[in-house]
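Keep in mind that the numbers below use all heavy atoms, side chains included, and drop hydrogens, waters and symmetry copies.
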Amino acid sequence: MAKLKVGLVSPEREVWAGEADHVIAQTIVGSMGVLPGHAPVLGVLVDGSVVRIKPADDGDWVSAVVGSGFFSVAGDEVSVLAEHAELGSDVNVAEAQEALSQALSSDGDDAAVAERRARARLRAAGVEA
């Protein structure tokens, strides 16, 4: 069966790369799931959302929180290009919970963005907030 070649990158580093069976990302037009053979597409990522990748080696799903960026599918290649990306396994849960607490006690647009990002970090880490 065909596999997807996936690259999840930020300006700082390559966060995850490899073969996958399935990728799910939140774009500004909705959630998008990609399997091998998907039609070409270019989407804008939702800032403070979670990208999920099912590795081809039957490993566990990989979750990563992403900042704004782009999601591209061409052939069986998926590129996730985010201004910021962090694997859920790398999230400091206590730090993310503190950031959420601070965001909830603040007002304004910056607080809303901070809340969305903190909640996404917790979801990527497997913690519902």
Side-chain angles (χ1 to χ4, degrees):
M1 179 177 180
K3 302 294 180 191
L4 298 168
K5 181 180 174 187
V6 180
L8 170 60
V9 298
S10 72
E12 295 86 29
R13 65 187 179 103
E14 180 178 73
V15 177
W16 192 92
E19 289 192 331
D21 293 325
H22 193 171
V23 178
I24 302 170
Q26 282 293 122
T27 69
I28 60 172
V29 295
S31 182
M32 179 175 295
V34 176
L35 297 169
H38 196 283
V41 67
L42 177 64
V44 177
L45 293 169
V46 172
D47 184 11
S49 64
V50 176
V51 172
R52 300 192 69 219
I53 302 166
K54 178 65 173 139
D57 64 5
D58 289 328
D60 292 335
W61 282 86
V62 173
S63 294
V65 61
V66 295
S68 59
F70 298 94
F71 179 79
S72 169
V73 179
D76 284 332
E77 293 190 20
V78 178
S79 298
V80 182
L81 311 168
E83 74 174 37
H84 170 78
E86 180 180 16
L87 290 176
S89 58
D90 294 340
V91 170
N92 180 321
V93 173
E95 180 183 283
Q97 288 172 328
E98 177 61 26
L100 177 59
S101 178
Q102 288 178 0
L104 291 172
S105 64
S106 301
D107 290 326
D109 291 341
D110 289 343
V113 170
E115 178 185 352
R116 184 174 59 245
R117 288 178 178 174
R119 287 186 187 280
R121 290 183 73 215
L122 290 168
R123 280 195 318 276
V127 177
E128 288 301 318

If you take all heavy atoms of [X] and [Y], which pair is closest and at what distance?
X	Y	result
Gly43	Thr27	CA-CG2, 4.4 Å
Ala82	Pro11	O-CD, 3.2 Å
Pro36	Ala2	CG-O, 3.1 Å

Legend entry - Set of residues satisfying side chain to side chain donor-acceptor pair (under 3.5 Å) with respect to Ser89, sequence neighbours excluded: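 By the side chain to side chain donor-acceptor pair (under 3.5 Å) rule, Ser89 matches no residue at all.
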Legend entry - Contacts of type side chain to side chain donor-acceptor pair (under 3.5 Å), residue Glu14, not counting sequence neighbours: none
Legend entry - ILVMFWY clustering at 4.5 Å (side-chain atoms), partners of Leu35: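 Result for Leu35 is none, singleton.
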Legend entry - Whichever hydrophobic residues join Val9 through chains of side-chain contacts under 4.5 Å: Leu81
Same cluster or not: [X] versus [Y], using hydrophobic residues (I, L, V, M, F, W, Y) connected whenever any side-chain heavy atoms lie under 4.5 Å apart?
X	Y	answer
Met32	Val80	yes
Leu122	Val66	no
Leu87	Val6	yes

Which side-chain N or O atoms in residues 44-55 pair as donor and acceptor under 3.5 Å with protein atoms at least two apart or in another chain?
unit_1	atom_1	unit_2	atom_2	d
Asp47	OD1	Arg117	NE	3.2
Asp47	OD1	Arg117	NH2	3.4
Asp47	OD2	Arg117	NE	3.3
Asp47	OD2	Arg117	NH2	2.7
Ser49	OG	Val46	O	2.7
Lys54	NZ	Gly59	O	2.4

Legend entry - Pairs touching residues 28-46 that satisfy side chain to side chain donor-acceptor pair (under 3.5 Å), sequence neighbours left out: Gln26-Ser31
Legend entry - Any Asp21 side-chain heavy atom under 4.5 Å of Lys3 side chain: yes
Inset, instruction - Report yes if some heavy atom in the side chain of Val23 is under 4.5 Å from a heavy atom in the side chain of Leu8; otherwise report no. - result: no
Donor-acceptor pairs are to be reported for all side-chain atoms of residues 90-100 against protein atoms at under 3.5 Å, with residues two or more places apart or in another chain.
unit_1	atom_1	unit_2	atom_2	d
Asn92	OD1	Ala94	N	3.2
Asn92	OD1	Glu95	N	2.9
Glu95	OE2	Arg121	NH2	3.4
Glu98	OE2	Gln102	NE2	3.0

Legend entry - Lys5: salt bridge (charged side-chain N to carboxylate O under 4.0 Å, His left out) partners, not counting sequence neighbours: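 Here no residue qualifies.
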Inset, instruction - Can you tell me which residue pairs pass the ring-ring contact (aromatic ring centres under 6.0 Å, His included) test with a partner in residues 9-28, sequence neighbours excluded? - result: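 Those involving residues 9-28 are His22-Trp61.
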Inset, instruction - Mind jotting down which residue pairs meet the ring-ring contact (aromatic ring centres under 6.0 Å, His included) criterion with at least one end in residues 73-125? Sequence neighbours excluded, please. - result: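 Residue pairs passing ring-ring contact (aromatic ring centres under 6.0 Å, His included), neighbours aside: none found.
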For residues 67-76, which side-chain N or O atoms pair as donor and acceptor with protein atoms under 3.5 Å away, sequence neighbours left out?
unit_1	atom_1	unit_2	atom_2	d
Ser68	OG	Glu83	OE1	2.8
Asp76	OD1	Gly37	N	2.7

Legend entry - All pairs passing salt bridge (Lys or Arg N to Asp or Glu O under 4.0 Å) where residues 104-115 contributes a residue, at least two apart: Glu115-Arg119
